Enquirer: 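Dropping a structure here in structure tokens format, bear with me for questions.
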Amino acid sequence: MKKKLIAGNWKMNGSLAANDLLVRALVAGLPDPSGCDVAVAVPAPYLAQVQALVAGSPLALAAQDVSQHESGAYTGEISAAMLREFGVRYALVGHSERRQYHGETDVHVAVKTQRALAAGLTPIVCVGETLAEREAGHTEAAVRRQLASVIHLNGHCISEVVVAYEPVWAIGTGKTASPEQAQQVHAVLRAQLAAASPRPESIRLLYGGSMNAANAAQLLAQPDIDGGLVGGASLKAEDFQQIIAAAQ
Ligand code: PGA
């Protein structure tokens, strides 16, 4: 049976001292055996610190981005191979904040997804509509376009990818999509995946956007929601633990 995945996205938050407290609490509180997979996507400078803290535990390490390039003269970039050296298992790709503030296009997202897979990382490909797209009735078209860019992977199968649906208007705003709204989009994505994979139900589709301890259980109960990508609530051990508990 497919386990749910709960991935925390710390974004540009944390410090050596705060990370130490948070990760120790998470490792100590993880159910063993756990009914779901759990990961934290940490800022790159803290990869080594968190790698040491999660060693020997089921808590997996994730990166928040990965370079589209393999190596070379790309100042500031971090390659998939470098991430692998620090025990990174998952890499977020195409988060809306990368698309919005760093000009990432569907083409960048597709190349990054390939790079991650080639290095043995599992990409968590983020898709989601803006408020303007939702209000114009373009939600389905927007997420279908974003997913289409990664659906045909050279030498890899889409079933090696995790997809996260994150409506942009729900990220960090406290406005969560209702479980019905989220399920509706997840069903669209699942149907689109069916065209590219013989077992679309095996692909994990996460919901992200103001998921918290109070709303996680209802969202995770939807038939096509296979986990969560959690920003703000992943910075507090107790809140994140309650979300993990809701996914057991
Ligand atoms: P949020 O962020 O939970 O703070 O809304 C989610 C995300 O951006 O991944």
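On a predicted model such as this, the values are computed, not experimentally measured, just so you know. Residue numbers run from 1 in the order of the sequence given. Counting convention: from 1, in listed order, for ligands and their atoms alike.
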Enquirer: For ligand 1, run through the N/O pairs with the protein that fall under 3.5 Å and put one pair on each line.
Expert:
from	atom 1	to	atom 2	distance (Å)
ligand 1	2 (O)	Lys11	NZ	3.3
ligand 1	3 (O)	Ser210	N	3.4
ligand 1	3 (O)	Gly231	N	2.9
ligand 1	4 (O)	Gly232	N	2.9
ligand 1	5 (O)	Gly172	N	2.6
ligand 1	5 (O)	Ser210	N	2.7
ligand 1	8 (O)	Lys11	NZ	2.7
ligand 1	8 (O)	His95	NE2	2.7
ligand 1	9 (O)	Asn9	ND2	3.4
ligand 1	9 (O)	His95	NE2	3.3
ligand 1	9 (O)	Glu166	OE1	3.4
ligand 1	9 (O)	Glu166	OE2	2.7

Enquirer: Could you go step by step and tell me if Gln248 and Ser34 meet the side-chain contact (heavy atoms from CB on, under 4.5 Å) rule?
Expert: CA-CA 7 Å; Gln248 297 295 313; Ser34 177; 3.4 Å; yes

Enquirer: Who are the side-chain hydrogen bond (donor to acceptor under 3.5 Å, both in side chains) partners of Arg84, not counting sequence neighbours?
Expert: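 Partners of Arg84 under the side-chain hydrogen bond (donor to acceptor under 3.5 Å, both in side chains) test: none.
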
Enquirer: How are the rings of Tyr165 and His186 set relative to one another: parallel (under 30°), tilted (30 to 60°) or perpendicular (over 60°)?
Expert: perpendicular

Enquirer: Applying side-chain contact (heavy atoms from CB on, under 4.5 Å) to Leu220 and Met211, what does each step give before you reach the verdict?
Expert: CA-CA 10 Å; Leu220 293 168; Met211 183 181 267; 4.1 Å; yes

Enquirer: Can you check side-chain contact (heavy atoms from CB on, under 4.5 Å) on Leu53 and Val27, steps first, answer last?
Expert: CA-CA 8 Å; Leu53 287 168; Val27 166; 5.8 Å; no

Enquirer: Applying the side-chain hydrogen bond (donor to acceptor under 3.5 Å, both in side chains) test to Arg204, which of Thr122, Asp37, Asp226 qualifies?
Expert: Asp37

